[in-house]
Structures are given as C-alpha cells and as structure tokens.
Amino acid sequence: MSKNLFSIVIGGTGMLEGVCHWLADEGYDVFVIHRNREKFEAMQNRSSHPKRIHSIPVDYHDDDALKRNVRDTINQVGHSPDLIVSWIHNSAPNALSLILQEVDCRVEPWRLIHVQGSSSFFVKENTPVPKACAYRRVYLGFVMEEQGSRWLSHEEIATGIIKVIKHDYQETVIGTLKPWSKRPI
Ligand SMILES: NC(=O)c1ccc[n+]([C@@H]2O[C@H](COP(=O)([O-])OP(=O)(O)OC[C@H]3O[C@@H](n4cnc5c(N)ncnc54)[C@H](OP(=O)(O)O)[C@@H]3O)[C@@H](O)[C@H]2O)c1
C-alpha cells in the first residue's frame with residue numbers, strides 16, 4: 001500500500017478522535033478499530049485527510065475476529081504499525097495482548113500509547129509488550145473546579161495524548177488524580 005507512517009487507534013471514534021485527525025495531518029495512515037459505521041464515517045468526514053482514515057470494523061470482545069482483522073490490516077499495509085494508541089474498556093482484558101501478538105515480529109522500534117482510566121493508576125498493572133515496542137502509559141484523571149470536579153472532555157484527552165506522542169513522555173496523568181476523594185461521581 002502507501003509508504004505513509006502506519007497507526008492503529010482503538011477508541012478513535014470517541015475520545016481519541018482528535019488524535020486520529022492530528023495523526024492524519026502528520027502524514028499517518030490511521031486505522032481505527034470501531035463497531036459503529038455511522039460514527040466512523042462522521043469522524044472520517046471531519047478529517048482534513050479523510051483518505052488517510054481507515055476502518056477496522058470489529059468488536060474487540062471477539063478475540064478471533066480481532067486477531068484476524070488486525071492481521072489482515074497489517075498484510076494490506078505491508079508492515080506492522082509504527083504506532084498504536086489504545087483505549088480499551090476493562091470488559092475486554094485480552095484485546096490489547098491479542099493485538100500485540102500480531103505485531104510481535106516487528107524489529108524496527110515502534111510505540112504503544114496505552115490509555116487507561118483513573119482507577120488503573122492505583123493498580124499499576126504490568127503490560128507485557130514486544131521487544132521493539134516503546135511502552136507509553138497515559139492515565140485519564142479528572143479536573144478540579146471551584147464547584148467540585150468533572151471528568152476530562154474529549155478535547156482535553158486528545159490534546160494530552162498528542163503531547164505525549166510529540167514529546168515521547170513515558171508516563172503521564174492527564175488532568176489530576178488528587179485528591180482522589182474529590183473525583184467526580
Ligand atoms: N478519567 C477516567 O478515568 C475516565 C475513564 C473512562 C471514561 N472517562 C470519560 O468518559 C467518557 C466516555 O468514555 P468512553 O469509554 O465511552 O469513551 P469513548 O472514547 O467516547 O467511546 C468508546 C470508543 O471505543 C470504541 N469501542 C467501544 N467498545 C468497543 C468494542 N467493543 N469494540 C470496538 N470498539 C469499541 C467506540 O467505538 P464504537 O462506538 O464504534 O464501538 C469508541 O470509539 C470520556 O469522554 C471520558 O471523559 C473518564
């Protein structure tokens with residue numbers, strides 16, 4: 001296929017939409033794992049480079065379909081991704097490792113941006129990654145305001161993750177996790 005940089009984004013029709021647009025502007029081909037076609041097409045049409053935004057329509061709870069779709073995408077592009085940005089709900093604990101198995105044979109360095117919810121910060125789980133993978137972890141926090149607190153907006157999340165990619169931060173909290181007792185409910 002093309003010689004553009006290759007990224008896979010999970011969550012790209014939701015909170016990571018701004019990241020997909022930025023990556024496409026930076027010259028990446030962006031392959032988005034999603035289920036809802038209308039949401040995907042609407043997001044693609046908001047890109048300045050819609051032809052660089054591609055669909056991987058699969059439910060990440062379906063292990064076999066997920067592996068098959070990622071493998072087919074890699075075969076179509078001709079090499080493993082240069083970058084994966086992953087926002088996967090805890091309901092699919094195997095999904096990320098199944099995706100990583102498909103890129104395990106890549107020898108050139110590449111990056112994984114692993115986006116996790118606030119509560120994961122206190123668990124500090126170990127995520128095994130392939131040898132050539134630079135692992136970058138991002139925790140989603142919340143925002144303290146005069147009247148209380150609120151969760152991050154999609155724009156704040158996307159802006160924070162773009163910063164992580166640009167500056168290659170290893171571990172980042174977007175927003176704050178303190179005081180934990182004041183988090184939104
Ligand atoms: N601070 C925190 O800890 C924290 C944690 C979580 C959420 N939040 C807040 O809650 C808001 C909403 O969170 P959200 O998780 O609904 O995020 P979202 O990013 O708005 O939506 C989920 C994204 O993941 C995709 N997706 C979901 N399930 C999927 C599946 N089974 N297979 C394939 N793709 C799937 C969706 O695509 P499809 O719809 O096409 O499937 C969509 O792109 C966020 O804006 C954030 O502010 C905060």
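First listed ligand is number 1; within each ligand, the first listed atom is number 1.
Aromatic ring centroids of Phe6 and Phe31 lie under 6.0 Å apart. Trp180 and Phe122 have their aromatic ring centers within a separation under 6.0 angstrom.
Salt bridge Lys163/Asp168: absent, no basic N to carboxylate O contact under 4.0 Å. The existence of a salt bridge linking Glu171 and Arg136 is excluded, since no basic side-chain nitrogen approaches an acidic carboxylate oxygen closer than 4.0 Å.
Between the side chain of Thr159 and the backbone N or O of Glu155 there is at least one donor-acceptor pair closer than 3.5 Å.
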Between side-chain atoms of residues 85-100 and protein atoms elsewhere (two or more places apart, or another chain), which donor-acceptor pairs fall under 3.5 Å?
| from | atom 1 | to | atom 2 | distance (Å) |
| --- | --- | --- | --- | --- |
| Ser91 | OG | His61 | NE2 | 2.8 |
| Ser97 | OG | Asn94 | O | 3.1 |

Under 3.5 Å: N or O atoms of ligand 1 paired with protein N or O:
| from | atom 1 | to | atom 2 | distance (Å) |
| --- | --- | --- | --- | --- |
| ligand 1 | 1 (N) | Ser118 | OG | 3.2 |
| ligand 1 | 1 (N) | Leu140 | O | 3.2 |
| ligand 1 | 1 (N) | Gly141 | O | 2.9 |
| ligand 1 | 3 (O) | Ser118 | N | 2.6 |
| ligand 1 | 3 (O) | Ser118 | OG | 2.8 |
| ligand 1 | 3 (O) | Leu140 | O | 3.4 |
| ligand 1 | 15 (O) | Trp87 | NE1 | 3.1 |
| ligand 1 | 15 (O) | His89 | NE2 | 2.5 |
| ligand 1 | 17 (O) | Trp87 | NE1 | 3.4 |
| ligand 1 | 19 (O) | Met15 | N | 2.7 |
| ligand 1 | 20 (O) | His154 | NE2 | 3.4 |
| ligand 1 | 28 (N) | Arg35 | NH2 | 3.1 |
| ligand 1 | 28 (N) | Tyr60 | OH | 3.3 |
| ligand 1 | 31 (N) | Asp59 | OD1 | 2.9 |
| ligand 1 | 31 (N) | His61 | ND1 | 3.3 |
| ligand 1 | 32 (N) | Tyr60 | N | 2.9 |
| ligand 1 | 37 (O) | Thr13 | OG1 | 3.1 |
| ligand 1 | 39 (O) | Lys39 | NZ | 2.5 |
| ligand 1 | 40 (O) | Arg35 | N | 2.9 |
| ligand 1 | 40 (O) | Asn36 | N | 2.7 |
| ligand 1 | 41 (O) | Arg35 | N | 3.3 |
| ligand 1 | 41 (O) | Arg35 | NE | 2.6 |
| ligand 1 | 41 (O) | Arg35 | NH2 | 3.1 |
| ligand 1 | 43 (O) | Thr13 | N | 3.3 |
| ligand 1 | 43 (O) | Thr13 | OG1 | 2.6 |
| ligand 1 | 43 (O) | Gly14 | N | 3.2 |
| ligand 1 | 45 (O) | His154 | NE2 | 2.8 |
| ligand 1 | 47 (O) | Leu152 | O | 2.6 |

